[in-house]
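Please read all numbers here as calculations on a predicted model, not as lab measurements.
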Amino acid sequence: MSKNIFESAIARLDEAFANAEIEKEVLEQLKHPKEILEVGIPVRMDNGSLRIFRGYRVRHNDALGPTKGGIRYHPDVTRDEVMALAFWMTLKCALAGIPYGGAKGGICVHPKDLSKLELERLSRSYIDRIADFIGPHRDIPAPDVYTNSMIMGWMMDEYSKIMRYRTPGVITGKPIPLGGSLGRDDATGRGGYYCIKQLEMQRGWEPNNISVAIQGFGNAGQHVAQLLHDDGYKIVAISDSQGGIFSETGFDVPSIIKAKNETTRVQAVYCTGSVFSDVDAQHITNEQLLELPVDILIPAALEDQITVKNAAKIKAPVIVELANGPINSNADQILNQQGTCIIPDILANSGGVIVSYFEWVQNNMGYYWPLEEVHTKLRELITTAFNAVHKISISKELSMRTAANVYALNRIQDAIRAGGTQEYFGLA
């Protein structure tokens, strides 16, 4: 019987456990989420009918602090998926050096099927159902797949109504006027970009000689594409859920972003003002994009995009995981044998949770930082984490993913040990 996504995520700890001096009870705690909540969310639809949507919130581990994690709206959301995402958040927060544990939430819904009013009712009803489960010092949600700053604003407002006082610190990723942080909109993509800049320094890359393919052109994909394009990297392939485009000479990324945001499709165009001009490009599938002979592959869509079925066909020597879990554990082994350098999701996409932490800190202080300060603090944290992981990877001859897990596990273990483990209590 094949492993579910949570079991697959946990399986990756075994190699890290073998390469780190981690007590067994620490690993045992991480195998079991602290709390799991499943709720039925009633929504009165525009036509007067009542629908019940299934929702989840998982608090995985709070050894390092209150739990933190996004809320995704997607028709394929499952309990096991949310558990896995919460587990990854535990490792991600530990790796980033921020005082949070991991959590995640999700609702089984196709948000594009709902009107704006139905979407608001759904978001508020979800918070009504989980209000006792979250809080500024207990569990702090944030946006994820198909949720955004406006939805976070609705959720914060609903929680504040329940509490009878304004609580901006309960949710991050909010609109700026409602207590959001500058720099949150591009934080995930920018964090991945900072990781690539570290690789650039280590490997002596000339950006205009480096080709990049990006699978997934939502918030994270667009921002990392723009930042790399500004530095001279060749963005030769881009895709979204409807398919992709490829050109060996690269694309004008601002034009692709403009077209995507105005038409909801990735198109091979060059923009002059409001005029779109088609450019030569090959139409490709998402699967074909993954197998292109590029220097850097950036999966920025959903999990399980690279599996045992296509891992051996991956030609990119460097993969930067902006999505959560785009490579499954069995595919990891194949890619490692091929010598592929993988910057794992818990490092590459940690910019989002880092700036969410900054937002929470600013909410608690009532004092807000300028954009440049947010960028500087983000770069410092993610660069520190990258260099620490790279050092472990080299010294112990481990993959970057295993090294990242070792580093995160050591931080979590330090917190658990502080409360006493078998080593302290002297049990046989």
Side-chain angles (χ1 to χ4, degrees), residues 62 64-71 89 92-105 120 123-124 127 131 134-144 147-195 197 218-220 222-224 226-227 230 261 322 348-386:
D62 61 359
L64 289 169
T67 51
K68 184 86 185 73
I71 297 169
M89 282 299 300
K92 189 182 301 184
C93 293
L95 178 60
I98 56 179
Y100 284 148
K104 210 73 176 185
E120 181 183 8
S123 303
R124 289 180 179 276
I127 291 301
I134 63 175
H137 302 289
R138 175 180 169 83
D139 179 32
I140 304 125
D144 198 84
T147 55
N148 56 29
S149 62
M150 180 169 283
I151 291 173
M152 295 305 107
W154 293 335
M155 290 182 172
M156 185 274 286
D157 181 66
E158 189 65 24
Y159 184 84
S160 296
K161 288 179 179 178
I162 294 168
M163 294 295 107
R164 301 300 190 199
Y165 62 92
R166 193 171 184 276
T167 55
V170 71
I171 299 276
T172 61
K174 303 180 295 295
I176 301 297
L178 298 182
S181 174
L182 295 172
R184 180 60 184 86
D185 57 341
D186 73 348
T188 303
R190 184 172 289 273
Y193 163 75
Y194 287 151
C195 289
K197 296 302 282 185
N219 180 279
Q222 288 186 24
H223 282 113
V224 75
Q226 182 69 70
L227 289 163
D230 289 346
N261 292 338
L322 273 195
N349 69 23
S350 63
V353 72
I354 290 172
V355 177
S356 280
Y357 165 59
F358 295 163
E359 180 177 331
W360 179 75
V361 169
Q362 293 169 86
N363 291 157
N364 290 334
M365 291 192 304
Y367 175 77
Y368 293 83
W369 306 331
L371 181 60
E372 194 55 43
E373 185 172 353
V374 173
H375 287 169
T376 299
K377 291 179 183 296
L378 169 59
R379 185 163 198 159
E380 287 173 354
L381 278 183
I382 206 163
T383 298
T384 297
F386 183 97

Practice task
Start with the C-alpha distance between Val170 and Met163, add both sets of side-chain angles, then the distance that settles side-chain contact (heavy atoms from CB on, under 4.5 Å), and finish with yes or no.
Solution key: CA-CA 11 Å; Val170 71; Met163 294 295 107; over 6 Å; no

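- With 3.5 Å as the limit, one finds a donor-acceptor pair spanning the side chains of Thr67 and Asp139.
- If you take CD1 on Ile354 and CZ on Arg379, they are separated by 13.0 Å, rounding to the nearest 0.5 Å.
- Considering only heavy atoms from C-beta on, His223 stays 4.5 Å or farther from Thr188 through its side chain.
- From Leu227, atom CG reaches atom OH of Tyr194 across 7.5 Å, with rounding to the nearest 0.5 Å.
- Taking every heavy atom of both residues into account, Pro141 and Lys68 meet most closely at O-NZ, 3.4 Å.
- With no hydrogens or angles considered, no side-chain donor-acceptor pair links Asp186 and Gln226 at under 3.5 Å.
- Across all non-hydrogen atoms, the minimal contact from Val374 to Gly183 is CG1-CA, 4.3 Å.
- The CG atom of Asp185 sits 7.5 Å away from the CD1 atom of Ile176 when rounded to the nearest 0.5 Å.
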Practice task
Apply side-chain contact (heavy atoms from CB on, under 4.5 Å) to Phe358 and Leu381, showing your working.
Solution key: CA-CA 11 Å; Phe358 295 163; Leu381 278 183; 3.9 Å; yes

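- Atoms CG and NZ, on Leu95 and Lys92 in that order, are 10.0 Å from each other to the nearest 0.5 Å.
- Side-chain atoms of Asn363 and Tyr368 form a donor-acceptor pair, as typed in the model, at a separation below 3.5 Å.
- Here the side chains of Met155 and Thr147 are not in contact, with every heavy-atom distance at 4.5 Å or above.
- Of all the heavy atoms in Thr384 and Glu380, the pair that sits closest is OG1-O, 2.7 Å.
- Considering all non-hydrogen atoms of both residues, Pro143 and Gly173 come closest at CD-CA, 3.8 Å.
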Practice task
Using the salt bridge (charged side-chain N to carboxylate O under 4.0 Å, His left out) rule, take Asp62 and Arg138 through it: C-alpha gap first, then chi angles, then the decisive distance, then the call.
Solution key: CA-CA 9 Å; Asp62 61 359; Arg138 175 180 169 83; over 6 Å; no

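- Contact record, Met156 with Thr167: CG-O, 3.6 Å, taken as the closest heavy-atom pair.
- Using a 4.5 Å heavy-atom cutoff, the side chains of Lys174 and Pro168 are in contact.
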Problem - Stepwise side-chain contact (heavy atoms from CB on, under 4.5 Å) check, Trp369 with Gln362 - result: CA-CA 8 Å; Trp369 306 331; Gln362 293 169 86; 3.8 Å; yes

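- The minimum heavy-atom distance between Pro66 and Pro99, with the atom names listed, is CD-O, 3.7 Å.
- Atoms CH2 and CG, from Trp154 and Asp157 in turn, are 11.0 Å apart once rounded to the nearest 0.5 Å.
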Handout entry: Full working for side-chain contact (heavy atoms from CB on, under 4.5 Å) between Leu64 and Cys93
Key = CA-CA 9 Å; Leu64 289 169; Cys93 293; 5.8 Å; no

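- A heavy-atom distance below 4.5 Å is not found between the side chains of Met152 and Thr172.
- Atom-to-atom distance recorded for Ile171:CD1 and Ser160:OG is 9.0 Å, nearest 0.5 angstrom.
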